[in-house]
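For reference, the structure I am asking about is given below.
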Amino acid sequence: MFEGRHVVLGVSGGIAAYKSIEVCRRLVDGGARVTPVLTESALKFVGPVTFEALATEPLVTSVFGNADPIPHTTLGQTADLIIVAPATARAIASYAAGISDDALVATLIATRAPVLICPAMHTEMWEHPSVQENLATLRRRGVNVLDPESGRLAGGDVGEGRLADPAHIIAEASRLLTTPDMSGVSVLVTAGGTREPIDPVRFIGNHSSGKQGYAVAAEAASRGASVTLVSTVNLATPHGVEVIAVETAQQMHDVVMARSDTDVVVMSAAVADYRPSSVSDSKIKKNQGDLEVQFERTVDILAALGRVKTDHQTVVGFAAETENVIDNARSKLELKGADLVVANDVSAPQVGFAHDTNEVTIVSAAGSVEVPLRSKREIAKAVLDAVVALRDA
Ligand code: CTP
């Protein structure tokens, strides 16, 4: 399962450190080359001899005093995956803040490989806003977090914070190691709701936060794709992504069509279907009576792409529906010439718009795949998996 892959297994100092021995053993059994990197406090819970006996590569406990004078960069560059199990609140905070105060965090900062963080700590610590905010920061940067489970903790306490089961850690590691590589693939993603001006101070807009589009861009970049994000919102730029800011449907159309030869286009933006027919040059002053605004159709960017796209390109549309989700998505697929339509029922709880979670059905000519409620980053992974599967076919 892990044949030929190099896994760095980071262990920080918590009582769950003894379970990292089992993780190490399973990785080696699966064929991986494993380099254990233990923090100073991890060594108080587990002995170096255990890892020296089990792992395939020399144990690293400091950036100094090794045969390799710069072990953290060598490990960062050669790792196919870095797992931190258990990850303590301190290790998570140092990683989020970029403080490379030990060999483990230095390696984490020196890598472009996927990272899997498996937190373990007491419930009070796990629920503390500092831990949760640091993990949110890491997730936003594309780090994978395997949440702890509920159960017995140190000192006889019971609650959330127990390290994920080694079998779950191995399953997640195997999923990450088989994530398709998208190097050499160009990806264009649109995100956010367009703003259609009425006058110099007002616009017609919608509630789209852009989070789903940013998650797709971040995930594509972490898979090695060269990614351009055409955005109407001002979220943190994902690592390695070029962002082009636009406001209106017409501006988004012009930017997208200028790059219409991109290998993969993901239209996750909520593009206005209508815009005011005329835009007042000066601010419209209020009067006693009602105000009437005439609207006209905007250009349909997805349909325009569908008309010019070639066989080697993949075009993905989104559909925000409140009823007949799959049927509507299927007709959108045909109508607009898209290869995939990601449909979500925006009337369902925790789905769409400003939420951090989403639940979608990915519809193609061949059928549909349901992706149950999960983070927008996880949804992005499923969408890109579907894109890669379609391109491979
Ligand atoms: N889209 C677009 N240009 C538009 C409008 C929409 O490219 N002017 C894209 C969106 O980015 C999205 C898909 O088309 O990928 C959504 O299709 P649309 O027909 O607008 O669907 P909804 O607005 O969800 O629904 P409705 O069918 O009610 O219009």
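Note that ligands are numbered from 1 as they come in the structure, with each ligand's atoms numbered from 1 the same way.
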Atoms of ligand 1 less than 4.0 Å from Ala269 heavy atoms?
10 (C), 11 (O)

Against heavy atoms of Gly317, which atoms of ligand 1 measure under 4.0 Å?
15 (O)

Can you find an N or O of Thr190 that's nearer than 3.5 Å to an N or O of ligand 1?
no

Is Ala319 in polar range of ligand 1, meaning some N or O pair under 3.5 Å apart?
no

Paired with Asp339, the side-chain hydrogen bond (donor to acceptor under 3.5 Å, both in side chains) test is passed by just one of Gln313, Lys309, Arg391, namely Lys309

Which of the ligand 1 atoms, numbered from 1, are nearer than 4.0 Å to a heavy atom of Val299
3 (N), 4 (C), 8 (N)

Looking only at atom types and distance, does a side-chain atom of Thr228 sit under 3.5 Å from a main-chain N or O of Glu242, one as donor and one as acceptor?
no

Thr298, portion touching ligand 1 at heavy-atom distance under 4.0 Å:
side chain

With a cut-off of 4.0 Å, which atoms of ligand 1 are near a heavy atom of Asp273?
5 (C), 20 (O), 23 (O), 29 (O)

Enumerated ligand 1 atoms positioned under 4.0 Å from heavy atoms of Ala272
8 (N)

Nearest 0.5 angstrom please: Glu160 CD to Thr123 OG1, how far?
7.0 Å

Measure from the side-chain N and O atoms of Ser375 to the backbone N and O of Thr357, and report whether any donor-acceptor pair falls under 3.5 Å.
no

Tell me whether Val388 shares a hydrophobic cluster with Ile362, the cluster being built from Ile, Leu, Val, Met, Phe, Trp, Tyr side chains joined at under 4.5 Å.
yes

Is the shortest distance from a heavy atom of Lys336 to ligand 1 less than 4.0 Å?
yes

Note: His253, heavy atoms under 4.0 Å from ligand 1, region reported as neither

Which is it for Glu321 and ligand 1 at heavy atoms under 4.0 Å: side chain, backbone, both or neither?
neither

Going by the order shown, which atoms of ligand 1 are within less than 4.0 Å of some heavy atom of Leu302?
2 (C), 7 (O), 9 (C), 13 (C), 14 (O), 15 (O)

Could any protein non-hydrogen atom be found less than 4.0 Å from atom 19 (O) of ligand 1?
yes

Among Met252, Arg275, Lys332, which residue places a heavy atom closest to atom 21 (O) of ligand 1?
Lys332

Keeping Ser277 on the side-chain end and Gln294 on the backbone end, is there a donor-acceptor pair under 3.5 Å?
yes

